[in-house]
Amino acid sequence: MSSCLICGQELPFRNVASFVVMSSSQLERRSEGIREALSEFRNIVIDDDHDDLTLSHSGSKHTATKTKMDILLCWVLTLQHADGRTNLGGQSSAENSGSPTCGFFRFHLLDSMATLPIVQYEEKIIETIERNPVVVVIGETGSGKSTQLSQMLYRRGYADSARIVVTQPRRVAAVTVARRVAQELGVQLGEEVGYAIRFEDRTSHRTRIKYLTDGVLLRESLVNPELNEYSVVILDEAHERSLNTDILMGLMKRLAKIRTSNLKVLITSATLDGNKVSNFFRDCPVLTIPGKLYPVEILYSKERPSSYLESSLKTAIDIHVREPEGDVLIFMTGQVRVFNPPPPSCRRIIVATNIAETSLTVDGVVYVIDSGYVKQRQYNPSTGMYSLDIVQISKVQANQRAGRAGRTRPGKCYRLYPSQVYNDEFLDVTVPEIQRSSLAGSVLYLKSLDLPDIDILKFDFLDPPSSESLQDALKQLYLIDAIDENGAITSIGQKMAELPLEPSLSRTLMEANDYGCIPEALTVAAMLSAETTLLPARSKTEKKRKHPEPNLPDGFGLGDHIQLLQIFECWDQTDYDIGWCKDNGLQVRGMLFVRDVRKQLSQIMQKIAKGPLDIRSSRRRGESRQDYRNLRKALCVGYANQLAERKMHHNGYRTLGFQGQVVQVHPSSVLKADDLGKFPDYVVYHELIATPRPYMRNVCSVEMRWVVPVINKLKTLDVYKLSGGTGPVEEETERNVPDLPKKIVEVTAGVDDSESRIQAARERFLARKGKK
DNA sequence: GAGCACTGC
């Protein structure tokens, strides 16, 4: 029997319950479907009209605040009835006699460990730190490094003259760890111990230990590159290799050299990665602190299964039949619903993505089933396209997953692949994010630091990105005027770097400032910053509808950016009415985020802009027949690196700037064709996504004469010069040299090509003009 | 005429 984790009351579960684990944001996205599914059960009341989410069962009521960061929610989607029939959401429950079956669970992100192994090592740790400017700490799961390292240093007086700062890759972690440390020290959160995440700074002048996300520390070092405010910088969870932490590691290496006398740097990492990080930091010492994990027996498959879903289910049932009690956690690559045949007794089976690797701890898990795969987003710098690929996990990830089985008692991990695959095929560590992302933003950031001793192409990365990727970033930055032809940052670029946006959007804002359409541009940038504001498409019955909500504005057919602007303006006119969002199929959480981002961007723009800015959303700005000319012009300048030209005789497009990728407008776009059925000759796109077919997602119509300067600029592009080649090739850049000739050839070809493209476009333009 | 791993400023 299961009991509610909040009230302890026994829930009327019988037999197997399948769970889908999701983060609170996913929950928000899916709450619509879940409410529908649960409405089939009697006695279940869900009320999420407000920011709180209330769920009642068997007469008692539970409330959780959605925005509260220390809990994640997990919903039961499928349950087994006592009589053996499965009641699935969406099916009629009229003839079901079983009790209502629904649970509301709450998982703490951190376990409370009575005795932390790290405590015994305090003397050794302090001694090592005292003697060395940089120390790598290998702390296995449950060692307490995130909470204890900062406190040890605090006790030893390291926070007397300056603060101790600890970075985390995730907001939740920054908040929960800070809260825990404040508790342990018996102080009010925000006083001696505080945290800083985007939109929320809970620190004061009294704060001695500060937790923050790695992104926030990067922003801070933009203002104060020497980070003089801090005496100790701890980069936690560095083995996760987040883009920001990787950049911080490079910066810390330099800073440790400059501030030798008064800065300590601690890097925490995984076993397999420790020596590499130590080598990077000039062979700094490595301290290994054992974790508090129970042994986990690893079992391999003889061969790889043909179906991972089937195989993991079979394994789960196998465990269920043969093994003693304990919950099962299955790592898959996507959200799947699992409908099981009825086994004899009760056990939880949790199906999760890699969210359970880091963000989520589920108590009671004893068995882990690991598919060996993960879904990963990757960027291809030669095409400018993103793709979402299912790839093999690394050894570090596999061990992380296995570790989830040993948190409460000895466990077992079933790997659905042979040991030979683990040993020979799996990479030791996860490919760092820096090697699979577009680097335009990061390169601009590094350039804006204007550190005399830093050259981007020679920047000391733990794992350097490919020179192709760096050159792609430089090319993009050049096209949007953030750097000049010699690769030096421009005054525009300097301002752009201050905005927490991707470069295209910050450039758009700069240009909009000159064209007098800053309120509109702020809105567009904020809307595009939110993952998704529209709710996912409804269930099958409504599948036929072309767009999720016909009542929403359509961007006048000019494109998705315009539609996003209009949507926000409509909401603005209702004074940010939550009900309006719901009626129009918009995610409340997403829209509130947009409002916050817009406010933040406005404040930064006020600082950057020369004169005072009117950033009020244009409620009634007069013009009845707006064609959003200025805004689209600004977008064209900002997205000079993301332009596409329609192909001569059909509605396919070819991207400019890259090697002429042929792409289509994403079917979800509101871009309209003209009377002849043709799309506009030129569009800007927000993103290229290589699903089986390559699509442009979020496009906006622009005019040829705005594009011409960009095409001219493409002609002058010289990647070699951009790469900062102020002089002849130096020894240290040699690793980039082999790639260079190839790039130059490609670029030259692109220039020739653009010539003919201009010609073609001109012809089309004249032909159309003649017709009218 | 489509398909969504996970973060973050």
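By convention in this document, chain letters (A, B, ...) are assigned in the order of the sequence lines, proteins followed by strands, and residues within each chain are numbered from 1. Atoms considered below: every heavy atom in the structure, side chains included; atoms not considered: hydrogens, waters and symmetry mates.
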Rounded interatomic separation in angstrom, taking [atom1] from [X] and [atom2] from [N]:
X	N	atom1	atom2	answer
Gln397(A)	dC6(B)	CD	P	13 Å
Arg171(A)	dG8(B)	CZ	C1'	8 Å
Ile247(A)	dG8(B)	CD1	P	16 Å
Asp214(A)	dT7(B)	CG	P	13 Å
Gln376(A)	dC4(B)	CD	P	15 Å
Leu528(A)	dG8(B)	CG	P	19 Å
Asp389(A)	dC6(B)	CG	P	16 Å
Lys375(A)	dC4(B)	NZ	C1'	7 Å

Side-chain N or O of Arg170(A) closer than 4.0 Å to phosphate OP1/OP2 of dG8(B) |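 No, because none of the side-chain N or O atoms of Arg170(A) sits under 4.0 Å from OP1 or OP2 of dG8(B).
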
Ignoring backbone atoms, test whether Thr213(A) places a side-chain nitrogen or oxygen under 4.0 Å from the OP1 or OP2 oxygen of dC9(B).
-> yes

Does Tyr373(A) have its ring centroid less than 6.0 Å away from the ring centroid of Tyr308(A)?
->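 Yes.
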
Which of the following nucleotides, [options], is nearest to the side chain of [X]?
X	options	value
Leu388(A)	dA5(B), dC9(B), dG1(B)	dA5(B)
Arg693(A)	dA2(B), dA5(B), dC9(B)	dA2(B)
Arg377(A)	dA5(B), dG3(B), dC9(B)	dA5(B)

Closer to the 5' end of DNA chain B via nearest nucleotide, is it Val374(A) or Leu499(A)?
->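 So the residue in question is Val374(A).
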
Any side-chain heavy-atom pair from Val216(A) and Thr167(A) closer than 4.5 angstrom?
-> no

Side chains of Tyr417(A) and Tyr422(A) in contact at under 4.5 Å (non-hydrogen atoms) |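 Sidechains of Tyr422(A) and Tyr417(A): in contact.
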
Greater than 12 external heavy atoms within 6.0 Å of Arg693(A)'s CZ = no

Give Ser242(A) one of three labels, base, sugar-phosphate or nothing, depending on what nucleic acid heavy atoms sit under 4.0 Å from its own.
-> nothing

Could Arg377(A) and Tyr386(A) be counted as a cation-pi pair, given that NZ or CZ must be under 6.0 Å from the ring centre and within 45° of the axis?
->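 Flagged: Arg377(A) positioned over aromatic ring of Tyr386(A).
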
